[in-house]
Every structure is written in structure tokens, then in C-alpha cells.
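Taking it in order: structure first as C-alpha cells, then the write-up.
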Amino acid sequence: MKTEVTDPVTAVKEIKDGDTVLVGGFGMAGMPVELIDALIEHGAGDLTIVSNNAGNGDTGLAALIAAGRVRKMVCSFPRQADSWHFDAAYRAGTIELELVPQGNLAERMRAAGAGIGAFYCPTGVGTPIAEGRETRVIDGREYVLEHPIRGDVALIRAHVADRLGNLVYRKTARNFGPVMATAATLTIAQVSRIVEVGELDPEAVVTPSIYVNRLVEVAA
Amino acid sequence: MKTEVTDPVTAVKEIKDGDTVLVGGFGMAGMPVELIDALIEHGAGDLTIVSNNAGNGDTGLAALIAAGRVRKMVCSFPRQADSWHFDAAYRAGTIELELVPQGNLAERMRAAGAGIGAFYCPTGVGTPIAEGRETRVIDGREYVLEHPIRGDVALIRAHVADRLGNLVYRKTARNFGPVMATAATLTIAQVSRIVEVGELDPEAVVTPSIYVNRLVEVAA
Amino acid sequence: MNTEDLARIIAADIPAGAYVNLGIGQPTTIARYLKPDSGVTLHTENGMLGMGEVVPAEEADWDLTNAGKQPVTELPGAAYFHHADSFAMMRGGHLDVCVMGAFQVAAGGDLANWHTGAPDAIPAVGGAMDLAAGAKEVWVMMTLFTKKGEPKLVPSCTYPLTGKACVTRVYTDVATFHLGPSGVRVVATDGITFDQLTTRLDVPLIQA
Amino acid sequence: MNTEDLARIIAADIPAGAYVNLGIGQPTTIARYLKPDSGVTLHTENGMLGMGEVVPAEEADWDLTNAGKQPVTELPGAAYFHHADSFAMMRGGHLDVCVMGAFQVAAGGDLANWHTGAPDAIPAVGGAMDLAAGAKEVWVMMTLFTKKGEPKLVPSCTYPLTGKACVTRVYTDVATFHLGPSGVRVVATDGITFDQLTTRLDVPLIQA
């Protein structure tokens, strides 16, 4: 349905306690900082956050964790030099961690967006990640069964949007945005600039408007 | 490895009797006609062809079928007003047909290119397509298990390539090309123009060079 | 009523801002009756959102076609994508509505539109099963009776299925039906009465 | 030999035209020793082919980083893609070589490089398991012994695995090993003899 152009606070207003929120970015590249700030202001807690990392420094996702709003992190790489807020919460036992290999994180969200019920994946076979999981040998190779990761909401950051909600990204800040946009019930994109319909090259659109429910312009 | 720029006849020279060849195009849009002509001249037969349609008119895939080189068609929509060569071969019992829903055709090739062993798909549940197949209920919905489709060779058509093999397409002629490029051992792309490295926008490349083994320039 | 009138009715029922796939054949006609200010965006499974209208062959760009391989136009705000992405969009439940033709629709929403089951027919399914499984709403546009007068809205399909329990609305030349958990509701008729429908169809009907 | 020397050796062994992923940490160094005319293309799992070198913070574009979140450059002929496409590329077997660090490598090619197994360690795997499962060749760059002098090329890993039977080459400060069906072959040594290696490693070795 029609994409709405709004402000950060209005954009996140329906996020509820207990929601699963997909948060774009690889480290700070592509992290929708202003949308996360709005979420902190909004106040929803007990959240499950799906994001590659567990926050950097004191802003963005790190600030959300510091504010005690995150019950569970689903991520591939929580251990970074500047992820002290996650470290503290993890060691205090106030945050749960589901560690997912980075490619599985992406592919499981892709599956959610693409209507795939589950898939057999070679990643992690024979490792602790696969322990107790359903496996199957196909054409002589062993695979682990992986299930989709769906979000109630996705908060992503792109570069430029048109008013319909078509998105283009910038360099490696593209990372998880396009996949998360497909995997959530409500997708909110923060962009540096909103242009008129017809200004984006249809051959170069990365996220078609169908995946974007709300747009927020935040000058870079 | 390094992408080779060559002519159609040289490009297809290793295609062997019995190979599985993925052929791009949706009808004639994106059909690599000159590569197929070269394959006809080359002479390999007993081929399994994976393509959305079973040839149109008397050129391209239709000509390959008319030449008696195709043992089996894997496609979603063989019944078209101008697919008379397939019709004749099918009715004469000289060609085998594996009918695959269009989305499964695309997703099964995507799985081959993406290292997915198999996936649970909702398409075709409760229809003759699913008869005798493994199914599973996941979160209350029924899915059919689908397996990858790999090609020995992919023959695709794009719009512009750079000398490294990066590809962009044109409008709906993009269709199956990007997926097939990932799913074959040897990918050969026919393009209208080859430009110098650096002339394509890295944000707009659709098929990265890693997927393209050979390039053939055929003016449109 | 004729195809054009039916297309106009269906077009008016498509919600503003919806993302819609119109199947090959009759449903393609609906595009002509969508109001530009409705903000309805057309999807074509061969890799495009923002598809415009069918154009005559002399204006054709053969790299720009619809699912029926007819030349079409590109509207401002369009986007192209490859086939796996296009069907991920369909299968993932992102399209609000698709409209397809049908041989038969069962009262419970089963759809049969790809194969007559005749032993000498060459089967062809295209994207129909993917649309049936994936769109949020599957609407059917068809005549209510075959040329021989046999009903096409039936208790249970005799033709091979395209999808199970997927159809939510059936638009026909003589009546429009909404299918749901409570049964088949007749929401409009044209040149036929509710009583005549109950006589000619072997399906329990609810008067709107 | 030091990291720079080792990086130079590995760079020289990468085939011309190869598509390569260099892991976080030491392997990143290898990029500096790749000859421009070798046509080697670097992949970074955060969505890019054609990655250039690491640049200092004052030249950084923070939308353009490597997998270790360091700012890098874009080379002519680069391409960007999203994470699902990037890992499809890795998992689908399209990368010719990846080079990673390791805690331990087993003689049979098992790799352990993500978790020490210490109960208080915060586990983090990133893309290592995907690379181990997906690249055509997995090479390891590491010191052969821990600071305590314990060998890191072992009969069987005691640390949790990253991937099974995936490593084909181990480049270390004192020796280079090729792992294959016939066993572990010592192809080069630096400041250590073959006999010393056989004494210090609990792994049968083959002299090249």
C-alpha cells in the first residue's frame, strides 16, 4: 500500500513491547541512527533485535541496549572493541544472545521475505551451531535446516528514495537493508534525500517501493 | 577467474552432448539468439534445456528444438501460439517435458547458485505438481521440498558489459539472466556492447563479473 | 455484461495504493480502467513494478513486455528486477491483489486455471501457481458458465488445481461472489436473479 | 618470518584472475602485496567486489568499509550488492580463495577460528562459517605455535569448529603446509627443519 512520508517519531509509533525489530547496518554503515533514537524516545521495550552487530560506541543500537530495551539480540558478531553496552548487559545476564552465522542471518531473512518455509544450508555443519539441529545429506553433502527470521518492524537506512518508496543505497552501506525491507510487516526507511517520482533510474532501484511502508528524510 | 571476450562459436565450443544448458529469456526478450545459433552450428545434442518457454517462431531456442538437439525441456510455459517446433516434437514423442512453475524455476536456479541444498516452497501444494513429492507443514502451512537446478552452461543475454564481465540488463529483458548466471559452471553472456572498466556504475551492476566466464558482443 | 464492463468493475474494487498483478488474457484489460490517481502499481512477473499499458506493435520496445509477452510502457517510479526477486515478491505475500482467469473455482476457494486435464493437451503453468500461493488476495475474472452452459463456480474442481483455498473473489459476466469462511456470498448480479443462480449453481449461496 | 613477509608469499600464490576474500585481521595485509596486473578481485562479505586498500581515518568514507569495518577504497570495475547476494556468492562456491586466521587447524582440514570455548567468552562468528563452507579453497594464515609454544596444526581441533575438512593450505611464520587426501605436505620452511617440525607437531608430515 501507499508509502507514507513522515518524521522519525511518528514513523516508529506503533512499535510495541515484545516486538521483533530488524535493524539495518554493518557496524555503523547503514545504521538508521535517527530511527533508533526515535524508538528510544518512543519507549517500547522487551524487544528482540536482529542486526549483524550488537551496537557500537554509545549511539544507535548501542544506546537502545544501554537503555535496557533489548531482551534478546540475534546477531552474527556481538564481540567488538566498542560494543561495551552489549558486553555489560550480556555479562549481567540481562540480555539473551542468539548467535547466527552472518550468511544465515541474511538468508533466513531473505527466506521470510520470499515465502520460503525453510531451507537446507551447508554453513555450520559439524560445528556447535548445528548441534541438535535437523540435518540432511543431499547429493553427498550435509546441510542444516534453517528457518526464516521475520520482523514485526524493519528499521533501515538507504541513500535516496523517491516519493513512492523506491530506494537506492550507497556503497557498502547497502548491506542488510534490502533483505530486511522484505522480511518485516512494517518497513521504515531513513534516507538522506527524497526525490520526485521519476528521478531514480528504474534499472538501478535496489529496493522497490512495495517493500517500504514509511519514509523519513534525515539529511546526512 | 578472468572473463574472456570472444566470438559466439568459440564461446560455446566446449558444450557437450548431454549437457544441461540454461537459456535466458522470457519469450524473445533476453533470448541469446546468436549464442544459440552458434550452439546449433557447434552441433552438441541430447541436451537438457532449462528456459521459461519452449521456443518462439523459427529462431533461437525454437531452431535448436527444430534441429533435434534437445532431449528434454525444463520450463514453465511451453504452450504458446508460436511454439510449433516444440509442439511437433512433443507430440512425436521425441522431446521430454519437465513442467516447473515459473517461480520454482527461478528459485531452484537461485538455490543452485547460492549453495542451498533444497528448500520448502508453498507453490503447487495440493496440485498435480506436488503429487508424490515430499511435503512438510511449517508454522501451520504446507510446503513442497524443491531441489536446485544446476546448469553445465548458461547462455544469457544482457545489455552492456564491462571488460571484467560486469553486466547490466535492459528493462524486462533482465528476467532469468542474473539467476542463470549464478547457477551454471560456465556462463556465457551475449551483450550489445562491451565498455571499458570503470564505465559501469558499481551501484547499478546487476550481475557481478564473478559470475561471467565469457562475453560475446553482438550489436543489437 | 461484457469483458470491458467487468474490467471496469474490478478496477473500481482495487484498493487505492495497491500492488496488483493482472494475469494473462482478460485480466490484462483491467489496467485500462485503473484511475491514475488511485496510485495502483502494476506488477508483472517477468520483473517489473510500475508497468504501464499495452502498446501496439509499431510502438513496441521488445525488451519491455508484460507476462503475456505483449509490449507495454514503463511508468514514472518503475523498478526492474530479475525473475527470482520477482517471484520472491509474489511468494512472500507482498502483492495485495492478483486477478486471474479460471476454468473452475471451487466454493472453498480452490482454483483451476492451468490445465484442462485432457490427455493430449500440452501442460503449461507459467506463474499461475506462484500467484495463487503468494498474493494476499486472489481474484478470478471469468464467465460464470462454459459455452455449453456448465457452471464454472463448482462444489469441487474437476480440473487439476492451480492452488488450494486461495480465491477470495469471483467476478463473472453475470454475478460477483465473495468467498470466505462463512461460504459464497453473492454481492452483485447482472441479468440473472439470486434464485436463478441458486438453481444453476451446485453451490450454497448467501444473499448479500 | 613476519606478517608482512608471509602476506607477500600468500599474495604470490593467489592465481591470476582469482576472486578472493581476505579475512579480518592478518589476512587483510595480503591485499597490499597483490600485483595490480594479477587481475585478482577482492570480495568483502558486506557487499562488494573490487575492493581497494584500507585508507586512514582522515580519508575515510564510512559508507565504504571492509568486513573489519575499516574504511577502504573502490576500484574501477567494482560492484555492490546486498548481504543475501553477497553470502549467496560465498556459499554458492563462486569465490576461488578465502584466507582466514585460525586458532587451530586439524590435519584433515577442520578449522577452528571463532571461539576459544572459554565459558566467559562472548561468542562471535561473523562470516567465518559461511566462508569455510563456501569458498572453493580455504587457506589459513597464522603462527604455527601459540605464545606458550603449543602447535596450532593439530591431529584434531580442541576448540569449537568453524568448518569441517575445508582448509587446503596453512601458511605460517615458519612453514607452509598443503592439506589433501594423502596427508599434510610441508612445501616450505623458514628457520625450522622438516625434522624439527615432525618433532614439534603431533601430525604425520610429508616432505615436499
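Within every chain, numbering begins at 1; the chains are lettered A, B, ... in the order of the sequence lines, protein sequences first and strands thereafter. Values in this document were obtained by computation on a predicted structure and should not be read as measured data.
- At most 12 non-hydrogen atoms from other residues, nucleotides or ligands lie less than 6.0 angstrom from CG of C:Asp202.
- Within a 6.0 Å sphere centred on CG of C:Asp37, heavy atoms belonging to other residues, nucleotides or ligands number more than 12.
- A:Thr187 pairs by the side chain to side chain donor-acceptor pair (under 3.5 Å) definition with nothing, not counting sequence neighbours.
- Few gaps surround NZ on A:Lys13; more than 12 heavy atoms of other groups in view lie less than 6.0 Å from it.
- Heavy-atom neighbours of chain C within the stretch residues 97-124 of chain A, taken at a separation under 4.5 angstrom, comprise A:Arg110, A:Gly113, A:Ala114, A:Gly115, A:Ile116.
- Around the CD atom of A:Glu4, the shell of radius 6.0 Å holds more than 12 heavy atoms that belong to other residues, nucleotides or ligands.
- Partners of C:Arg169 according to the salt bridge (charged side-chain N to carboxylate O under 4.0 Å, His left out) rule, which considers only residues two or more places apart in sequence or in another chain, are C:Asp13.
- Identified by a heavy-atom distance below 4.5 Å to chain A, the contributing residues of residues 60-95 of chain C are C:Glu74, C:Pro76, C:Gly77, C:Ala78, C:Ala79, C:Tyr80, C:Phe81, C:Ala84, C:Asp85, C:Ala88, C:Met89, C:Arg91, C:Gly92, C:His94, C:Leu95, in residue-number order.
- Interface remark: A:Leu164 contributes backbone and side-chain atoms alike to the contact with chain C (heavy atom separation under 4.5 Å).
- At most 12 non-hydrogen atoms from other residues, nucleotides or ligands lie less than 6.0 angstrom from CD of A:Glu41.
- The choice from A:Thr3, A:Thr182, A:Asp162 that makes the most heavy-atom pairs within less than 4.5 Å of chain C is A:Thr182.
- Heavy atoms of other residues, nucleotides or ligands lying less than 6.0 angstrom from CZ of A:Arg133 number more than 12.
- Side chains of C:Thr41 and A:Ile210 form no contact here, defined as non-hydrogen atoms less than 4.5 Å apart.
- For chain A, no part of C:Ala133 is nearby; none of its heavy atoms comes within less than 4.5 Å.
- For NZ of C:Lys152, the number of neighbouring non-hydrogen atoms (other residues, nucleotides, ligands) closer than 6.0 Å is greater than 12.
- Heavy-atom neighbours of A:Lys2 NZ from other residues, nucleotides or ligands within 6.0 Å: at or below the threshold of 12.
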